[in-house]
Asks: 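Okay, here's the structure, questions in a sec.
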Protein chains: 2
Amino acid sequence: MKSKIKVGIVEDQLLFREGIKAILINWDIFEIVFESADGFSVIDKLEKLTDLPDILMVDLSLPPLDKKEYSGLHLTIALAEKFPEIKVLILSVHNDENFMAELIKNGAHGYLVKDCNPLEVYQAIVAIAEKGSYINSRVLKAIQDSMAKKAKPGKKLLTYISPREEEVLKLTCQQFTADEIAEKLFISVKTVNGHRNNLLLKTGSRNVTGLVTFAIRNNIVQL
Amino acid sequence: MKSKIKVGIVEDQLLFREGIKAILINWDIFEIVFESADGFSVIDKLEKLTDLPDILMVDLSLPPLDKKEYSGLHLTIALAEKFPEIKVLILSVHNDENFMAELIKNGAHGYLVKDCNPLEVYQAIVAIAEKGSYINSRVLKAIQDSMAKKAKPGKKLLTYISPREEEVLKLTCQQFTADEIAEKLFISVKTVNGHRNNLLLKTGSRNVTGLVTFAIRNNIVQL
DNA sequence: ACACAAACAGGTATTTATACCTATGCTTTG
DNA sequence: CAAAGCATAGGTATAAATACCTGTTTGTGT
């Protein structure tokens, strides 16, 4: 008999975490060796662990602790660096195509939307354990689309939001005008508008309302 | 021995639904007699059911089917009318105080935030079954605050968004300008701006970004 | 029948946001 | 070193949103 697949779960919503555990228990090939309610402490906790998980299921929309940035994407990047042997399976409520590709590019081995069924969870984990990755057709398409965008030389591709742009975006979502943001960041209004224009381009939005939904979707701001 | 508490679950995310079921199974006083992935069909399904649930757990953020409006709030109102004997326990990811009060006012018997722990789920269901309601301190405070707002005579209270305002709000969130909304709704731009002004007042927002977050928070639009 | 709120429409004025440009100093990366 | 992206700042225009008003019609509830 093969040894069990060691699974870790990083998910802030306790109810959901318990739910996943309860589902995984149905198959006795899984063993839950690690749990965390936030992304912030995961690396530290893993370093103290002797029995590392083979696969870590990570919620994309982890809440930020204090002012620290620690979304599922940040954690994925950190894991790829410090624990490359651990495979990352992303769990997300959203269905953002750009973000799927972004995550896979940054070291995630699979992407599951939270409205999938338990069987798909099973399949995803087994596929990652055996073949190293689980890419369903939807995610595959997202990656291809993302590639296609980059292939086009003319169109400025979304290299994703720069730190400064993210600051402007956050303040914009908090109902601050460009003038107020300029004051807060000690920069010119022109610069703020420049950042906003770049944001509109990068996110493909027409106006600030698009920026707000983008920010919420991608967990740049929390509700 | 007392008879089991019959529980129904209305939740679109299968994984979460399975999770809740898995948790409830831990206590043998619960019996799951009903399940639905959408709010739209719940009333119909219940009418065909002989063994009605005592308590229905309803996800607040149910996705709308087609153009039909069927959020947790709509379902709660419909249930209160057609099946007043079924107690409604709301499950929500958000923590919006106004919405809590609104739901309780419209017939919900309890409100649980999704990041609560399994024990609280147990307590909530048992409390509703035995005492008819489960109001924790946070929800209680929300109701009190909501009451307090209404007590103030001067301040225009949020009588909540009128249907037309909601239409304008939705289109605004979809990045349409006032002109475009006017065209779509066959009304004057002036009227659209009037609705927008009212929305700003009612929601206490400074600009459209505030409207978008309000709409998302209150599930008027989905992500 | 009256009060009230919603939906509608209009006006004026100001403030913000957006669309296009250019341009420079500074990193990072190939 | 060259190329690229970032952050900065500026200009010129127009489009859009917001802050104030006034008013009519219609339907609903008391």
Side-chain angles (χ1 to χ4, degrees), chain A residues 69 77 81 102 105-106 149-215 220, chain B residues 69 150 153-215 220:
Chain A
E69 304 292 340
I77 295 167
E81 196 193 335
E102 196 67 17
K105 202 187 356 174
N106 279 292
K149 272 179 201 160
K150 291 200 179 152
K152 281 182 201 161
K155 209 160 196 174
K156 211 168 191 175
L157 59 114
L158 42 160
T159 350
Y160 266 67
I161 313 306
S162 74
R164 202 55 162 177
E165 283 164 355
E166 194 169 316
E167 281 187 86
V168 173
L169 179 54
K170 280 181 183 169
L171 292 168
T172 301
C173 291
Q174 286 160 46
Q175 307 194 48
F176 292 112
T177 66
D179 289 86
E180 290 166 341
I181 295 171
E183 266 190 55
K184 277 181 188 290
L185 301 181
F186 305 106
I187 55 178
S188 159
V189 196
K190 310 282 185 178
T191 311
V192 175
N193 277 321
H195 289 316
R196 275 204 181 164
N197 280 325
N198 287 334
L199 285 165
L200 291 175
L201 269 176
K202 289 187 180 180
T203 62
S205 305
R206 295 180 62 191
N207 53 40
V208 276
T209 64
L211 293 184
V212 176
T213 48
F214 173 87
I220 291 163
Chain B
E69 303 292 341
K150 294 204 176 149
K155 210 161 197 175
K156 208 168 192 177
L157 58 114
L158 40 162
T159 350
Y160 265 67
I161 312 306
S162 75
R164 203 56 162 177
E165 282 165 356
E166 195 169 316
E167 282 187 85
V168 173
L169 178 53
K170 280 182 184 171
L171 292 167
T172 302
C173 291
Q174 286 160 45
Q175 307 194 50
F176 292 112
T177 66
D179 289 86
E180 290 165 341
I181 295 171
E183 265 189 57
K184 276 180 188 291
L185 300 181
F186 305 107
I187 56 177
S188 157
V189 197
K190 313 280 186 177
T191 310
V192 175
N193 277 322
H195 289 315
R196 276 206 181 162
N197 279 326
N198 287 334
L199 284 165
L200 292 175
L201 270 175
K202 289 188 181 179
T203 63
S205 305
R206 295 179 62 191
N207 52 40
V208 277
T209 64
L211 293 184
V212 176
T213 49
F214 174 87
I220 291 164

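Residue numbers begin at 1 in each chain, while the letters A, B, ... track the order of the sequences.
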Asks: In whole Å, what is the span from the CZ atom of Phe176(A) to the P atom of dT16(C)?
Replies: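 Computing the Phe176(A):CZ to dT16(C):P distance gives 14 Å.
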Asks: Which is true for Thr191(A) with a 4.0 Å heavy-atom rule: it touches a base, it touches only sugar-phosphate, or it touches nothing?
Replies: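 It contacts base atoms.
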Asks: Within this structure, what is the CD-to-P distance between Gln175(A) and dA17(C), rounded to whole angstrom?
Replies: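 Going from CD in Gln175(A) over to P in dA17(C) covers 11 Å.
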Asks: What is the distance from atom CZ of Phe214(A) to atom CG of Leu169(A), rounded to the nearest 0.5 Å?
Replies: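 Between Phe214(A) CZ and Leu169(A) CG, I get 7.0 Å after rounding to 0.5 Å.
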Asks: May I have the distance from Arg196(A) (atom CZ) to dA19(C) (atom P), rounded to whole angstrom?
Replies: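 Going from Arg196(A) (CZ) to dA19(C) (P), I get 12 Å.
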Asks: Under 3.5 Å, side chain of Ser188(B) to main-chain N/O of Lys190(B), donor-acceptor pair present?
Replies: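 Judged by distance alone, yes, a pair lies under 3.5 Å.
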Asks: Would one find a side-chain N or O of Lys190(A) under 4.0 angstrom from OP1 or OP2 of dT18(C)?
Replies: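 Indeed not, no polar side-chain atom of Lys190(A) lies that close.
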Asks: Specify the residue among Arg206(B) and Leu185(B) whose closest nucleotide of DNA chain C lies further upstream toward the 5′ end.
Replies: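 Nearest nucleotide further toward 5': that of Leu185(B).
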Asks: OP1 or OP2 of dG10(C) less than 4.0 angstrom from a side-chain nitrogen or oxygen of Ser188(B), does that happen here?
Replies: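 For Ser188(B), the contact criterion (side-chain N or O under 4.0 Å from OP1 or OP2 of dG10(C)) is met.
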Asks: When all nucleic acid strands are considered with a 4.0 Å heavy-atom cut-off, which category describes His195(B): base, sugar-phosphate, or nothing?
Replies: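 Touches sugar-phosphate only.
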Asks: With a 4.0 Å cut-off on N to O distance, would you call Glu180(A) and Arg206(B) a salt bridge?
Replies: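 Result for this pair is yes, salt bridge flagged.
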Asks: Choosing from dA7(D), dA19(D), dA16(D), which nucleotide comes nearest the side chain of Glu165(A)?
Replies: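 The answer is dA7(D), which lies nearest to the side chain.
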Asks: Check every atom of dC8(C), dG11(C), dA7(D) against the side chain of Arg164(A) and return the nucleotide holding the closest atom.
Replies: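 Of the candidates, dA7(D) comes closest.
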Asks: Could you tell me the separation between the CG atom of Asn193(B) and the C1' atom of dT15(C), rounded to a whole number of Å?
Replies: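 Going from Asn193(B) (CG) to dT15(C) (C1'), I get 14 Å.
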Asks: Without decimals, in angstroms, what is the distance between Asn197(A) CG and dC21(C) C1'?
Replies: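 Taking atom C1' of dC21(C) as the reference, CG of Asn197(A) is at 11 Å.
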Asks: Applying side chain to side chain contact (heavy atoms under 4.5 Å, CB included) to Glu167(B) and Ile181(B), what does each step give before you reach the verdict?
Replies: CA-CA 9 Å; Glu167(B) 282 187 85; Ile181(B) 295 171; over 6 Å; no
Asks: Figure out the CD1/P separation between Ile181(A) and dT8(D), and round it to whole Å.
Replies: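 It is 13 Å, rounded to the nearest whole Å.
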Asks: For Asn198(A) and dA19(C), what is the distance between atoms CG and P respectively, to the nearest whole Å?
Replies: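 Distance check: Asn198(A) CG to dA19(C) P gives 12 Å.
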Asks: Whole angstrom is fine here: how far is it from CG in Leu201(B) over to C1' in dA19(D)?
Replies: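 Checked: the CG to C1' distance equals 10 Å.
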Asks: Check every atom of dA9(D), dT18(C), dT18(D) against the side chain of Asn207(A) and return the nucleotide holding the closest atom.
Replies: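 Closest of the options to the side chain of Asn207(A): dT18(C).
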Asks: For Val168(A), does its backbone N or O pair with a side-chain atom of Thr172(A) as donor and acceptor, under 3.5 Å?
Replies: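 Indeed, once roles are kept as given, a pair shorter than 3.5 Å links the two residues.
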